[in-house]
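Treat the numbers as computed from the prediction; the structure is a model and nothing was measured. When a ligand or atom number is given, it counts from 1 through the structure's own listing order.
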Amino acid sequence: MLILVWGCLAAKGQKTLKDALKGKFHIGVAMNGQQISERDTANVNIIKRNFDAIVAENCMKSMFLQPREGEFNFAEADKFVEFGERNGKWITGHCLTWHSQLPRWFFTDENGETVTADVLKARMKSHISTVVGHFKGKVKGWDVVNEAIMEDGSYRKSKFYEILGEEFIPLAFQYAHEADPDVELYYNDYNEWYPGKCAAIVKLIKTLRDRGLRIDAVGMQGHLGMDGPSIAEYEKAIQTYINAGVNVMVTEFDLSILPSPRRGIGAEISTNIEYQKEFNPYTEGVPDAAMQAWTNRMLDLFKLFLKYKEITRITMWGVSDGSSWKNNFPVRGRTDYPLLFDRNYQAKPVVEDIIKLANKRN
Ligand code: XIL
């Protein structure tokens, strides 16, 4: 009887993404404020049915968690975690150490001067231990450091780097591990398929491991476009990280269908390219050929992800196209189609393709 019911559901194509991908990797999604409060019921229903892992799109960033020194605000983040626990989702935390969306006080003292190395270490320690400690046992993995390395392999000249040098990264990993020895720890970044960046991250993994520090995975954000990287370039980077001894997670996946103002633009959130009409061609819908090319590339990427057992999570950066950050990045006010569900909250045809693909690999 049970088999019969299951058979009928599968025949109707009602097996959802998370059911099909079970045992392969976690299939996750980023949740925004409207979804965390469950006001956006259409997207919340999609999340419940299709994804088995969640991350907060914004509310766990330092400017929201510690807007003023010593004043932590966990209200929204707690709601997010409660949602995850209630619905049996695997919860990751994003992010502990990042130059963007950071409160203004973080690098300056009461006179407006840049803080000393010792003060910054103390602030990092306090932020990381408080946050990781607060969610201990609930959050399963943390993006400990986000976007610290440039495409050419040099370190980003952020305030963290200016004040502490390369050392700020091992310190962040150390503080996170001390606060919750069981939680997984990740280095997260965009454009990690650039050979220079990839080599620098491998070196970082070695440094952390040589010092006895924990790092479980490289998080490849995966804000991709139609113009590159090629599947081969992306695979090469994945293999390099796996060979360095860590797992790989695609942590912020979206595939923009829009013309990219330039190749490999990345995801530095302060980038803001001036609007031009030709950057926004699909306001009335996407022509079949363009849609097919998008579907093919999305499917090729999922084929790649299914090849490696060390790929343990793929997280979409948003539920459905209408609420994707890509509508406003890197150009404000465009109509993009980067996610697996459309503006009418319907699964795109590629979802069925991914489900079939996953079933074949069983
Ligand atoms: C983005 C969010 O999606 C936006 O809502 C917010 O305004 C800016 O940040 N890399 C990251 C994410 O690690 O945190 C960023 O998220 C996208 C780029």
Side-chain angles (χ1 to χ4, degrees), residues 28-37 39-40 43 47 51 53-67 76-77 80 91-104 106 127 131 139 141-151 156 158 160 169 172 176 185-194 197 201 217-225 248-256 258 260-261 264-273 313-341:
V29 68
M31 292 181 69
N32 67 22
Q34 291 289 316
Q35 294 147 10
I36 292 168
S37 66
R39 276 194 291 267
D40 180 357
N43 278 322
I47 296 170
F51 297 95
I54 54 170
V55 65
E57 185 174 358
N58 284 300
C59 73
M60 283 189 172
K61 293 169 180 173
S62 59
M63 69 182 278
F64 299 113
L65 287 186
Q66 198 184 175
E76 192 176 354
F80 160 75
I91 303 169
T92 49
H94 173 78
C95 52
L96 298 170
T97 313
W98 188 27
H99 64 281
S100 292
Q101 292 184 288
L102 176 113
R104 243 190 262 149
F106 212 87
H127 184 77
V131 172
V139 165
W142 277 101
D143 292 335
V144 180
V145 174
N146 198 26
E147 301 178 358
I149 293 170
M150 306 304 283
E151 282 77 353
R156 179 188 295 279
S158 70
F160 287 111
I169 302 184
L185 304 180
Y186 319 129
Y187 175 77
N188 196 56
D189 212 327
Y190 58 81
N191 275 351
E192 285 165 308
W193 47 274
Y194 273 76
K197 192 163 191 162
I201 294 170
V218 166
M220 300 178 79
Q221 290 184 4
H223 297 294
L224 302 182
V248 169
M249 297 174 164
V250 179
T251 52
E252 304 180 15
F253 190 25
D254 41 32
L255 179 60
S256 175
L258 297 179
S260 177
I265 210 156
E268 164 52 51
I269 65 167
S270 59
T271 310
N272 182 13
I273 294 169
R313 174 170 59 99
I314 307 295
T315 288
M316 303 305 302
W317 203 244
V319 189
S320 56
D321 288 342
S323 48
S324 165
W325 81 303
K326 291 297 296 178
N327 294 307
N328 291 299
F329 180 90
V331 182
R332 294 228 171 94
R334 297 197 295 175
T335 307
D336 205 345
Y337 302 78
L339 297 171
L340 296 178
F341 292 82

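Taking Arg332 as the reference, nothing meets the salt bridge (charged side-chain N to carboxylate O under 4.0 Å, His left out) condition, with sequence neighbours excluded.
Of the candidates Tyr337, Trp317, Trp325, Trp325 is the only one forming a side chain to side chain donor-acceptor pair (under 3.5 Å) with Asp254.
Side-chain atoms of Lys326 do not come within 3.5 Å of backbone N or O of Arg334 as any donor-acceptor pair. Between the side chain of Ser320 and the main chain of Gly322, no donor-acceptor pair closer than 3.5 Å is present. Counting only distance, with no hydrogens or angles, the side chain of Asn327 and the backbone of Asp321 share a donor-acceptor pair below 3.5 Å.
Every protein residue with a heavy atom nearer than 4.0 Å to ligand 1 is included here: Glu57, Asn58, Lys61, His94, Trp98, Gln101, Asn146, Glu147, Gln221, His223, Glu252, Ala267, Ile269, Trp317, Trp325.
Under 3.5 Å, the side chains of Asp143 and Trp98 contain no donor-acceptor pair of N or O atoms.
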